[in-house]
Every structure is written in C-alpha cells, then in structure tokens.
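Structure, as structure tokens:
Naming: A, B, ... by sequence-line order, numbering from 1 per chain.
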Protein chains: 2
Amino acid sequence: MRTTDPQVEETLPGCRAREILDRIGDKWSLYAIALLGGGTRRFTELKRGIDGISQRMLTVTLRGLERDGIVTRTQYPVVPVRVEYALTPMGRTLLDAVHPLITWTEGHLAGIDAARAAYDVRADSPNWPGSL
Amino acid sequence: MRTTDPQVEETLPGCRAREILDRIGDKWSLYAIALLGGGTRRFTELKRGIDGISQRMLTVTLRGLERDGIVTRTQYPVVPVRVEYALTPMGRTLLDAVHPLITWTEGHLAGIDAARAAYDVRADSPNWPGSL
DNA sequence: CGGCATCCCCTCGGATACTG
DNA sequence: CAGTATCCGAGGGGATGCCG
C-alpha cells in the first residue's frame, strides 16, 4: 500500500502535499499518529485506542509509518513480547502540521454537513438540475 | 466515494480530522482545491492543470467538493456550455488549513524518502528481522 | 464544452486462522 | 502479546463511448 506513484508529480507547484496524503491519508494512520502524540504506546494499547481497527491493519499501518520514519518500533526481548511505538521527532512535527486541519475540521464539519443536506435536497427535488 | 462512515467516531477526542480526510484525502480533491486557490477555473482548465486525471474523476471530484460546500459550480447558458468552478469562502479557509501540511511536506519529503530507503535496505538484508 | 453511463480491473481493508 | 498468512468482497478509479 501507499504506492509511490511515479507519474503525476510536476503538475501543481508546491502541491506535493498530495504525497503526504499518500502516507497519512489512508484510513488509520492519522488515528495512530494522534494517539502516539500522547506518548509511547504498546501495540495492544493502540489496538484498544483505535476503535474498529483490525489487528492486521494496525500492523500494516504501523509498518508504513515506521518505514517512513514517522514512528519508531522498539521490541523488548521478554516473553511475552513487548513492543512499544512512539513518534519520531519528524512524526511530532507532522502532528503539529496536521493540527490546523484538525481545528478547521472541528469548526466546519457542521457547515459541510449542512451544505450536503442542502445539496441532497436539491438533487432529490422533482426538477433537477432544473433548467432556467 | 467519500463514504460518511457512521461507525468509528467517538474514539480519539478531537481526531475528527479523519472525517475531513474522507473529503479531501482522496486522490484528486487536493489538486483541485489548490488550483482553485488561484482563482476561478473552467472545467477544461482544471483538466489540463491536473495531470493524469480523467474526465470522469474530475467530474466526480468536483461534484463531491460542490456537495460539501467547498466549491461552487456556475453554468452559463451559452453554447457550447461554459462552466466555472471557484472556491467558496469555506473552501478558502480549508486551503489555509492545509497550507501547514504543504509546507511540512516540502520540508520533510526528502527525510521520508531517506527513511524509506534505509528501511528497505534493512528489509532486503540477508538476515532480517535479525534476531538477538 | 462539459458532462453521464457502462465496463472492468485492481487495491484497500475486513475476517479468520496460525505462530514465536 | 504481537504479530504473519490467506482469502475474499467492496468500491475507487481508469478507459471508452454517447449526449445536450
């Protein structure tokens, strides 16, 4: 997953932000990052903290984030195994960069839902797109 | 597209930002938003400006953004049809909220790619995950 | 010009079962 | 506990063709 698509690159100047969406835009990464923003967490803690995530997807997500240098994975040689995840310094700056988006969302989700409802009402009305 | 998934909601306090990723986290929305940040654009202008996007996906993307109140669609009653898209005020604030992420990406993409390369080298090494 | 309809492939991600 | 392996369905998204 997280395909590093070679095409579509030099199109929008400075809009390489799409590339970060390839990393954190998936279904679970942001949850993991947000949780780890609160400090080091064990695998099972993350699993419990991210409602609805499967074991497999948690592993896949964490592997991807580790690969990208956003989280670290520390395995302790004890039985049963103990593995701890934490944000790297870069991961922490990423969380900071995402924060405005979180704030924006909190302030505008209601507006979006309203726009949707209005749009859907129009779409369901008998005459639509409604000429003239 | 853009499924408003009813489950997975009250998990991470304040991490409803996942919900905005459901809106702009798809493959093309951010490109369209970034382009429209430069002003009103016609359909074909957007198509040319977003390299690799298909006609269908541009339509789908713009419909979604329109539905969410992020862009406006204005159709002029001329032949051939002339349609113009622009950011709504809310759309503009969204672009502002995304800006830190764009900046972050520009500053850290190299670091991410380096982390990846290092990770992949380790993964390809003969003994891995490397016991002891 | 700016769509919509159709077909179809391929990836994401869920369920389940097994391992050190 | 913390994974890995396998199977499989849903849907995101590309290609193509037709329409007002």
Side-chain angles (χ1 to χ4, degrees), chain A residues 1-5 7-8 18 21-32 40-67 71-86 123 128-132, chain B residues 1-5 7-8 18 21-32 40-67 71-86 123 128-132:
Chain A
M1 67 263 17
R2 253 173 272 261
T3 53
T4 309
D5 210 325
Q7 57 265 50
V8 186
R18 249 308 315 174
L21 290 188
D22 285 337
R23 270 106 179 168
I24 65 160
D26 63 11
K27 193 170 181 181
W28 301 109
S29 289
L30 194 55
Y31 286 123
T40 297
R41 295 283 184 275
R42 297 186 56 174
F43 185 88
T44 310
E45 290 179 301
L46 291 170
K47 175 109 173 54
R48 273 195 304 262
I50 306 174
D51 191 69
I53 196 172
S54 65
Q55 215 163 10
R56 177 180 175 278
M57 284 317 296
L58 181 55
T59 300
V60 169
T61 300
L62 290 171
R63 282 291 176 285
L65 294 175
E66 185 196 0
R67 184 163 107 101
V71 310
T72 58
R73 193 190 101 107
T74 312
Q75 178 172 339
Y76 297 94
V78 297
V79 301
V81 194
R82 177 187 184 89
V83 178
E84 289 185 346
Y85 292 89
W128 209 73
S131 51
L132 114 92
Chain B
M1 70 273 4
R2 254 171 273 260
T3 53
T4 309
D5 211 325
Q7 58 265 47
V8 187
R18 252 306 317 174
L21 290 187
D22 286 337
R23 270 107 177 167
I24 65 159
D26 63 11
K27 193 170 180 180
W28 302 110
S29 289
L30 193 55
Y31 287 123
T40 297
R41 295 282 184 277
R42 298 186 56 174
F43 185 88
T44 309
E45 291 180 300
L46 291 170
K47 175 111 173 54
R48 272 195 305 262
I50 306 175
D51 190 69
I53 195 172
S54 66
Q55 217 163 12
R56 178 181 174 277
M57 283 318 296
L58 181 55
T59 302
V60 169
T61 300
L62 289 171
R63 281 293 174 282
L65 294 175
E66 184 196 1
R67 184 165 107 99
V71 310
T72 58
R73 194 190 101 107
T74 313
Q75 177 172 340
Y76 297 93
V78 297
V79 299
V81 194
R82 176 188 184 91
V83 179
E84 289 185 346
Y85 292 89
W128 210 71
S131 52
L132 117 90

Heavy-atom side-chain contact between A:Leu62 and A:Tyr85 under 4.5 Å = yes
- Query: If we only count heavy atoms from C-beta on, is the B:Val60 to B:Arg63 side-chain gap below 4.5 Å?
  - Reply: no
Residue set satisfying side chain to side chain donor-acceptor pair (under 3.5 Å) with A:Arg82, at least two apart, ordered chain then number -> A:Glu84
In whole angstroms, the gap separating C1' of C:dC1 from CZ of B:Arg73 amounts to 11 Å
Given protein heavy atoms under 4.0 Å, the one-letter contact record of nucleotides 14-20 of chain D, with B base, S sugar-phosphate only and - none, is simply BB----B
Across all chains, not counting sequence neighbours, the side chain to side chain donor-acceptor pair (under 3.5 Å) partners of A:Gln75 are A:Arg73
From CD of A:Glu84 across to C1' of D:dA2 the rounded distance in Å is 13 Å
Side-chain heavy-atom pair B:Ile53, B:Tyr31 within 4.5 angstrom cut-off:
no
- [ ] State whether A:Tyr85 places a side-chain N or O below 4.0 Å from either non-bridging phosphate oxygen (OP1 or OP2) of D:dG3.
- [x] yes
A:Asp22 atom CG is separated from D:dG12 atom C1', nearest whole Å, by 14 Å
note: B:Leu62, atom CG; D:dG13, atom C1'; distance rounded to Å ~ 15 Å
Is the closest side-chain heavy-atom distance between A:Thr59 and A:Phe43 below 4.5 Å?
yes
When rounded to whole Å, the CG to P distance for the pair A:Leu58 and C:dC12 reads 17 Å
Separation of D:dA2 atom P from A:Glu66 atom CD, nearest Å, is 15 Å
Rounded to whole Å, NZ of A:Lys47 lies from P of C:dG13 at a distance of 15 Å
From OH of A:Tyr76 across to P of D:dG3 the rounded distance in Å is 13 Å
